Amino acid sequence: MNPFTYRRATTAPEAAAAAALPGHRLLGGGTNLVDLMRKGVEHPETLIDVTGFSQQIELTPGGGLLIGGAVRNSALAAHPQVRRDYPLLSRAVLTGASAQIRNMATVAGNVMQRTRCTYFADPAASRCNKRVPGSGCDAQGGFTRYHAILGGSSACIATHPSDMCVALAALDATLHLLGPDGPRALPLSEFHRLPGDTPHLETELRPGEIITGVELPPPLPAMRSAYRKVRDRASYAFALVSVGACITVENGHFAEIRLAFGGIAHRPWRATRAEAALRSGPATPEAVEAALKLEFAEARPLDGNAFKLPLARRSAAALLAQLIGETA
Amino acid sequence: MAITINGTEVPLPEDPRMSLAEFLRDGLHLTGTKIGCNQGGCGACTVLIDGQRVLSCLTLAVQAEGREVTTIEGLSSGDDLHPLQEAFIAHDGFQCGYCTPGQICAATAMLRELAEGMPSSVTGDLSRPAPLTAEEIRERMSGNLCRCGAHNGIIAAILQVAQEGAA
Amino acid sequence: MSRVQNTLIESVRKVVGWVPERWLPGGTPDPLIGRHGAVGTQLAQLDGPQKVRGAARFAAEVPLEGLCYAALVNSPVTRGRITRLDTAAAEAAPGVLLVLTYRNMPRLGLVPLMGVTNLGAVGNSALPILQDDQIRYNGQVMALVLAETQQQADHAARLIDLSVDTAPALSDFQAAKPEARTPASILVERNEQSAGDAEAALRQAAFSTDATYTTPGHNHAAIELHGVTAHWTGNRLVLHDATQAVAPTAAALAKLFGLRREDVRVLSPFVGGGFGAKGFWDHQVLAVAAARMVDRPVRLMLSREAVFRMVGGRSPTEQRVAIGADAEGRFTALIHTGYSVMPPYSASPEQYTLGTRSLYRAQSYRFGQKHLDLDIVPNTFMRAPGESVGSFAVESAVDELAHAMDIDPVELRLRNEPETHPLTGTPFSQRALATAWRQGADRFGWDARSTMPRARRDGEWLLGMGCAAGNFPYVRMPSGALRIRLTRDGQATLSTSAQDMGMGTATVQTQHAADRLGLPLDAITFEMGDSDLPAAPVAGGSSQTVSIAAAIAAAASKLTVELLRLAGNASPLAGLRAGEVRLAEGGLVCIEDPTRRETYGDILTRAGRDEISVTETGAPPLEIFKYAMLSHSANFCEVRVSDVTGELRVTRLLGVFDVGTILNPRMAVSQLRGGMIMGLGMALSEEVLFDERSGRIMNPGLADYHIPAHLDVPEIDVTWTGIPDPRSPLGARGIGEIGITGVAAAIANAVFNATGKRLRDLPLTLDRLIGAEGA
């Protein structure tokens with residue numbers, strides 16, 4: 001690691017002010033950043049520890065939940081209200097990493113975590129447009145098992161590795177940001193960018209902005225939700241494909257459906273096309289299948305990850321079938 | 001600028017690059033904490049900070065300022081072994097012994113998490129306390145890799161201590 | 001060389017074949033076989049309390065005054081020549097003491113490769129270590145940086161500026177096949193062997209299978225990283241090392257650095273997992289050289305990435321197995337050939353066809369292996385090199401044939417059990433694989449298996465059962481030395497430089513020594529892991545337990561002679577010869593007349609001695625030329641495969657082992673399970689991702705090279721036939737490696753039974769089950 005200075009911010013405005021300075025990076029649990037610093041991918045000159053504030057989970061006036069950016073993943077998953085009202089989120093977080101890492105990792109850090117593309121993590125020998133814009137992408141034609149089938153570009157086919165964010169996307173969560181121009185809110189599903197020609201720009205975060213929290217809307221009555229993660233090991237592995245869904249069914253029709261995927265794109269993938277096709281329509285396997293086909297119509301799988309297309313469709317179909325069964 | 005390690009206050013290292021694992025091993029000669037990958041991939045470096053299990057290889061020592069760190073050396077005193085340490089011997093829960101301190105530290109915290117009703121990804125009903133099963137323990141211990149293949153002994157040892165604790 | 005070797009080995013076999021049994025080791029069965037003593041009890045690992053406390057001190061943990069820390073720079077390219085190597089920034093960085101490159105590295109010779117014709121050699125790589133500007137594989141060490149702290153060293157290593165004139169590299173397995181080499185021998189065996197016209201027999205067979213199986217590169221992934229602490233005092237060197245070869249490492253370092261052997265001490269009391277990886281590589285040499293140059297103790301612990309890049313693993317293989325059978329299922333042809341990677345500078349031939357050569361009786365055979373020369377980190381021995389991956393191929397093929405013939409796969413195997421070694425006709429010293437099959441089928445509930453694939457289901461999960469055999473040769477190393485020191489208070493200390501990577505060597509040999517010397521367990525101290533002790537060979541080939549056992553037996557015989565001499569005429573034992581007494585109850589006892597006896601203490605006291613010490617080596621392992629000596633296993637497993645996602649879960653696994661005497665049931669179960677779990681990893685997920693475009697390993701970490709996590713590992717049932725081998729010390733055969741063999745095939749066969757899909761490529765990942773179309 002390069003030498004750096006370490007200090008702690010005690011308030012969100014202090015952290016935001018520091019985040020605007022050159023060479024400054026915010027440090028949450030460090031489970032991703034410290035690893036990338038050791039690998040020579042990240043070279044901050046100053047680390048601002050932001051784990052000392054925004055640690056609360058509280059009810060919002062509207063009946064939703066506001067989760068502080070520094071809440072640890074394990075605390076989030078174990079929170080009684082989350083388990084009761086947003087079990088999808090609890091489940092997704094619990095499938096991520098290991099208990100030790102969940103004890104360290106923060107909610108904001110989880111949102112901000114970087115891709116696990118192995119070429120990205122190899123600055124000594126591999127080209128990566130995300131690390132060095134314009135340098136090329138060695139993942140193309142290489143090992144792409146963990147890479148994108150949707151929304152990729154010739155510049156980058158990396159995926160966002162988070163489980164938590166898939167659940168947040170399906171739950172219509174909103175990020176609370178604080179920056180030089182004051183606070184603002186942004187839906188989580190709009191926060192992460194697709195790579196295009198600028199894969200090094202990963203989020204909509206502006207210079208000097210920080211994530212202070214995540215807000216969940218009030219839980220819908222009679223909602224059923226589930227999360228399924230498919231991976232190469234039974235536990236302690238990133239998703240090849242994951243899928244989170246919340247539905248309400250009335251009279252055999254989807255009253256509400258929200259569906260999101262992980263492991264298949266540069267951002268947690270909210271399946272808006274499939275949702276639109278299904279909403280208010282019959283909750284049947286045929287309808288689900290047609291909608292998923294639509295969702296993946298523009299998928300561009302590669303030799304090394306072509307299996308993810310059927311895997312994602314089948315996993316989602318099975319998950320929705322299970323949820324429909326629960327509502328019956 | 002201090003950190004409490006196994007009950008003793010020690011000054012923090014000057015170099016913020018030093019991980020907690022490196023500080024324990026190289027700075028304090030507490031080499032019971034192991035480094036197996038230095039990238040959060042094996043769990044051998046597991047220690048407790050304020051009772052919670054964490055990876056000391058991805059924790060900068062300075063991040064632990066003002067907090068209480070417990071390492072494998074702090075789990076037992078004198079000739080007395082911690083019940084988990086006894087059980088690991090009784091069930092042959094190790095061969096080479098390298099991942100063992102991390103497994104035992106993780107198990108100590110895991111038993112507390114289980115007792116507090118914290119769910120895991122294999123818990124069927126999130127609204128109830130998780131049942132005490134081998135499956136639950138396997139999932140909760142999956143962040144600690146073992147290459148000698150002592151998995152069965154490790155799980156049996158933890159299950160035994162958990163059952164005795166629950167009794 | 002190896003043609004000469006073939007002739008030599010075959011001559012020895014022939015000669016030993018004529019020699020009467022009783023003249024050979026094992027000719028008269030070890031009298032301890034079948035004795036109920038300390039051997040066979042469930043003694044817990046003696047160093048358990050140290051390990052669970054974290055008090056066991058590993059090599060990279062030895063505290064020394066003035067210690068400095070090393071970091072390495074590994075080559076990012078595969079072939080080429082260094083054109084610029086700017087170390088100025090690194091040298092100027094805070095705390096840096098030394099930057100070591102090919103320019104200032106002491107000129108050293110090459111390390112001889114280990115091999116059957118050079119048993120003392122220890123090298124895994126025949127390449128020069130930091131001696132020139134040539135880059136020969138991706139990951140080769142380019143520089144070492146030494147600094148006051150690890151953080152300073154790691155940082156400065158990144159400041160080295162390197163330019164390379166790259167050269168074309170060979171890294172494509174398929175492209176290299178036309179240039180494959182056919183070695184004359186594979187370890188001690190002639191490589192190409194055949195009997196009859198197997199290809200013709202295959203064509204004419206009533207039933208046949210002929211398929212290609214592939215296995216990827218594997219990494220040992222011991223949790224302890226390779227690490228050393230090197231320390232010079234004048235011309236004396238002490239190296240704290242994590243090694244499976246304590247004395248050979250000391251000898252190699254002495255030779256390399258021009259030292260007297262007695263001026264080098266290698267200490268390795270604990271090794272955090274070996275599996276073949278903890279041998280002699282570049283890092284020991286680099287640390288020793290650096291320590292000498294700065295005249296301070298040096299710690300070098302490889303990063304996990306460096307372990308992947310600089311310490312070779314198991315070679316990938318592509319194997320053809322073809323079996324022909326008559327209408328009754330009797331094999332008429334058995335063919336096993338293939339390719340693996342073995343550059344000329346590597347020591348390990350990945351002997352995947354050797355196990356097959358004794359596994360089944362057939363009317364005709366053809367065996368042979370070809371080596372590919374790729375520019376890679378030298379591959380090496382990894383747990384059951386050869387048999388682990390070879391058994392996947394041959395035991396999958398047997399299952400394919402059984403399915404084609406609609407014969408139960410256990411039954412098909414039983415029909416082809418050989419009476420004697422199928423190729424040589426040599427008698428087996430002991431082989432009860434058939435017993436293991438019957439015992440296992442019964443214990444597992446094999447009769448619940450459906451013969452039809454896809455017949456059992458639980459919701460979305462398809463259920464299946466599979467089985468496979470495994471085998472592994474008995475190896476006993478020549479020349480292992482051991483000292484027994486007996487003191488007047490009736491305590492015995494046994495000393496050998498041998499190594500313990502977690503197998504429980506000291507514990508088991510303490511049990512053995514108690515029985516051999518007739519002493520209680522608490523009177524025995526077993527010392528090891530120190531090259532100043534009598535030299536033992538490398539711990540490999542599952543040979544260490546029987547090799548040490550033979551040395552203890554030999555030393556005990558010598559001790560008997562010496563004690564009788566000391567006892568003299570005033571002793572009740574006067575006039576007795578060594579063959580007329582046994583060691584029992586703390587002394588010597590006349591076999592004919594047990595009232596004639598005397599304790600060790602009394603003998604020593606009368607002789608005015610405080611102690612007696614003898615050092616002896618085990619008899620040469622000639623028994624392996626007289627008999628076919630192998631361990632066998634019958635593996636059974638049950639799997640669940642998601643019909644939706646292709647996810648595979650192993651829910652039950654049983655291994656029945658025919659491995660001779662079990663010396664300590666508790667630790668034997670652990671070791672056999674450990675092997676089986678490595679087989680589980682091989683089946684489920686383990687794969688070194690070698691980018692053939694660049695020659696670089698792309699998953700050099702434990703987050704990406706997936707060894708089994710707790711949730712992947714079911715409760716594993718282990719049992720054994722318990723039949724001693726009459727030709728080996730204690731009736732035992734090694735058990736360190738047999739566990740891994742056959743497991744991947746059993747799982748693949750169960751997957752076929754569950755899904756109807758035959759997977760011939762490891763690992764059995766879900767993409768291979770659901771495919772690109774999700775069919």
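Throughout, protein chains are lettered first and strands after them, A, B, ... in sequence-line order, and every chain is numbered starting at 1. Everything numeric in this text was worked out from a predicted model, so none of it was measured.
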Practice task
May I have the step-by-step check of side chain to side chain contact (heavy atoms under 4.5 Å, CB included) for A:F4 and B:L60, ending in yes or no?
Solution key: CA-CA 12 Å; A:F4 59 83; B:L60 300 173; 3.9 Å; yes
Return yes when atom [atom1] of [X] has more than 12 non-hydrogen atoms of other residues, nucleotides or ligands closer than 6.0 Å, and no otherwise.
X: B:R67; atom1: CZ; answer: yes
X: A:Q81; atom1: CD; answer: yes
X: B:E14; atom1: CD; answer: no

Problem - Per-residue contact mode, B:I49 against chain A (heavy atom under 4.5 angstrom) - result: neither
Problem - Per-residue contact mode, B:C105 against chain A (heavy atom under 4.5 angstrom) - result: neither
Heavy-atom cut-off 4.5 Å, strictly under: side chain, backbone, both or neither for [X] against chain B?
X: A:P80; value: neither
X: A:N2; value: backbone
X: A:L27; value: side chain

Practice task
Could you have a look at B:A106, B:P119, B:G117, B:S142 and say which one has the most heavy-atom pairs with chain A under 4.5 angstrom?
Solution key: B:P119
Handout entry: Among the listed options B:G41, B:S19, B:G143, the residue most often paired with chain A at heavy-atom distances under 4.5 Å
Key = B:G143
With rounding to the nearest 0.5 Å, note down the distance linking [atom1] in [X] to [atom2] in [Y].
X: B:Q39; Y: A:K39; atom1: CD; atom2: NZ; result: 5.0 Å
X: A:L94; Y: B:T123; atom1: CG; atom2: OG1; result: 7.0 Å
X: A:Y236; Y: B:S121; atom1: OH; atom2: OG; result: 14.0 Å
X: A:S74; Y: B:E113; atom1: OG; atom2: CD; result: 7.5 Å
X: A:I101; Y: B:L55; atom1: CD1; atom2: CG; result: 5.0 Å
X: A:L47; Y: B:R17; atom1: CG; atom2: CZ; result: 12.0 Å

Practice task
Mark yes or no for whether B:R53, through its side chain, and A:Q100, through its backbone, hold a donor-acceptor pair below 3.5 Å.
Solution key: no
Practice task
Check for a donor-acceptor pair, side chain of A:R83 on one end and backbone N or O of B:S127 on the other, with a separation under 3.5 Å.
Solution key: no
For [X] against [Y], the heavy-atom pair lying closest together:
X: A:S90; Y: B:L126; answer: CB-CD1, 3.8 Å
X: B:D125; Y: A:R91; answer: N-NH2, 4.3 Å
X: A:R38; Y: B:N38; answer: NH1-O, 2.9 Å
X: A:T31; Y: B:L58; answer: O-CD1, 3.4 Å
X: A:S235; Y: B:E139; answer: OG-OE1, 2.7 Å
X: B:Q63; Y: A:G29; answer: NE2-O, 3.8 Å

Exercise for the section: For A:R7 and B:V62, run side chain to side chain contact (heavy atoms under 4.5 Å, CB included): C-alpha distance rounded to whole Å, both residues' side-chain angles, the deciding distance at 0.1 Å, then the answer. Expected result: CA-CA 9 Å; A:R7 59 192 185 81; B:V62 288; over 6 Å; no
Practice task
Among the options A:M1, A:M37, A:R8, pick out the one with the most heavy-atom pairs lying under 4.5 Å from chain B.
Solution key: A:R8
